[in-house]
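Convention: sequence-line order gives letters A, B, ...; per-chain numbering from 1.
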Amino acid sequence: MRIATWNVNSIKARLVAAKEWLAETAPDVVCMQEIKCTDDGFPAGEFEQLGYSCAVHGQKSYNGVAILSRRQLEDVSPGLPHGNSDNHARYLEALVPGDKGILRVASIYAPNGNPIGTEKFSYKLDWHARLATHANELLAAEEPIVLMGDYNIIPEPEDCYDPKAWEMDALFQPESRRALRRLENLGYTDAVRACHGEPQLYTFWDYQAGCWQKNRGIRIDHILLSPQAADRLVTTGINKHMRGRERPSDHVPVWCELDI
DNA sequence: ATGCCGACAGGATGTCGA
């Protein structure tokens, strides 16, 4: 089963690119982030024509996550638990039936957190604390789980073109990197890193300052696998070519193949 | 040192992202 994640930066702006990408790569499951539309505004019909059913947790103008699946999604659950007054649409979870078992999938759009030293950064850290609590609870079922999406965290210096340039950024703060490591310490595996050792694997290139042309990217879109999912990991990939297409998102799709 | 680009809402230009 091929499972992909993509921060589309507005599904309306990315509809043509998304349909082309789906036709070319034929993923079984897709987690989308930053769809930037309400549930009603999501072009579900376009994807249904390509054989996908859609679960949407939308929001007007900002955020918004979705899951597309060739098989009917079950137990669809919007929103990250353990929140008190969080009205951002950043988390959507569902069950996907596979040939060899059921898979739990979450589409994640974690907060950016800039600038540091503000309530935005503390919101980011609080959000990740909630994610860790929930991720830990999910482990109790001992089932294959994929927590994938835009984590807005650069894990290591080798995951960005110039670590110095990101020193004061929320994406590369020690507390942010610790939040990702905490998930790994719970037992989740960074799927791309498990399959690829080379540095400078990027998933995001800023629109500004010719970052794409100069390959000044960062790796912030991640696939985290529970032990039961990691045991079935075959390979992963990054659809880097999508950044060079017409009207690209600033993020590219990241995918993994699971034997499930 | 700052903005660079792109999307949004709204109907000009400010906000947000990373």
Asker: Please step through ring pair (Phe, Tyr, Trp, His ring centres under 6.0 Å) for the pair A:Y62 and A:H88, ending with a clear verdict.
Answerer: CA-CA 8 Å; A:Y62 301 109; A:H88 293 199; 8.8 Å; no

Asker: 5'-most contact on DNA chain B: A:K60 or A:D250, nearest heavy atom basis?
Answerer: A:K60

Asker: Please state the C1' separation for the pair B:dA7 and B:dA12 - nearest whole angstrom.
Answerer: 16 Å

Asker: Heavy atoms under 4.0 Å, any strand shown: does A:K120 hit a base, just sugar-phosphate, or nothing?
Answerer: sugar-phosphate

Asker: When we call it a touch if two heavy atoms are under 4.0 Å apart, what does A:D150 touch: a base, just sugar-phosphate, or nothing?
Answerer: sugar-phosphate

Asker: Are A:K100 and A:D259 ion-paired here, with the side-chain N under 4.0 Å from a carboxylate O?
Answerer: yes

Asker: Using atom P in both nucleotides, what's the gap between B:dT15 and B:dG10 to the nearest angstrom?
Answerer: 15 Å

Asker: Applying a 4.0 Å non-hydrogen cut-off, can you work out what A:N7 is touching in the nucleic acid: base, sugar-phosphate, or nothing?
Answerer: sugar-phosphate

Asker: How is A:D169 classified with respect to the nucleic acid when contacts are heavy atoms under 4.0 Å: base, sugar-phosphate, or nothing?
Answerer: nothing

Asker: Does the distance from a Lys or Arg side-chain N to an Asp or Glu carboxylate O, for A:R71 and A:D99, drop under 4.0 Å?
Answerer: yes

Asker: Describe the nucleic acid contact of A:R216 in one word from base, sugar-phosphate, nothing, applying a heavy-atom distance below 4.0 Å.
Answerer: nothing

Asker: Please check this pair: side chain of A:Q173 against backbone of A:D169, looking for a donor-acceptor N/O pair closer than 3.5 Å.
Answerer: yes

Asker: Which pairs count as side chain to side chain donor-acceptor pair (under 3.5 Å) when at least one residue sits in residues 177-189 of chain A, sequence neighbours excluded?
Answerer: A:E156-A:R177

Asker: Assign each of A:S10 and A:F204 to its nearest nucleotide of DNA chain B by heavy atoms, then name whichever residue's nucleotide is nearer the 5' end.
Answerer: A:S10

Asker: What's the gap between B:dT2 and B:dT13 when it is taken at their P atoms, as a whole Å value?
Answerer: 24 Å

Asker: Just the endpoints, please: which first and last nucleotides of DNA chain B, 5' to 3', lie under 4.0 Å from a heavy atom of chain A?
Answerer: B:dC4 to B:dA18

Asker: What's the gap between B:dA1 and B:dG14 when it is taken at their P atoms, as a whole Å value?
Answerer: 24 Å

Asker: State plainly whether one hydrophobic cluster holds both A:V8 and A:I223, where clusters connect Ile, Leu, Val, Met, Phe, Trp and Tyr through side-chain heavy atoms under 4.5 angstrom apart.
Answerer: yes

Asker: Give A:Y151 one of three labels, base, sugar-phosphate or nothing, depending on what nucleic acid heavy atoms sit under 4.0 Å from its own.
Answerer: nothing

Asker: For A:N7 and A:D221, what are the C-alpha separation, side-chain angles and deciding distance, and is it a side chain to side chain donor-acceptor pair (under 3.5 Å)?
Answerer: CA-CA 8 Å; A:N7 180 323; A:D221 300 87; 5.1 Å; no

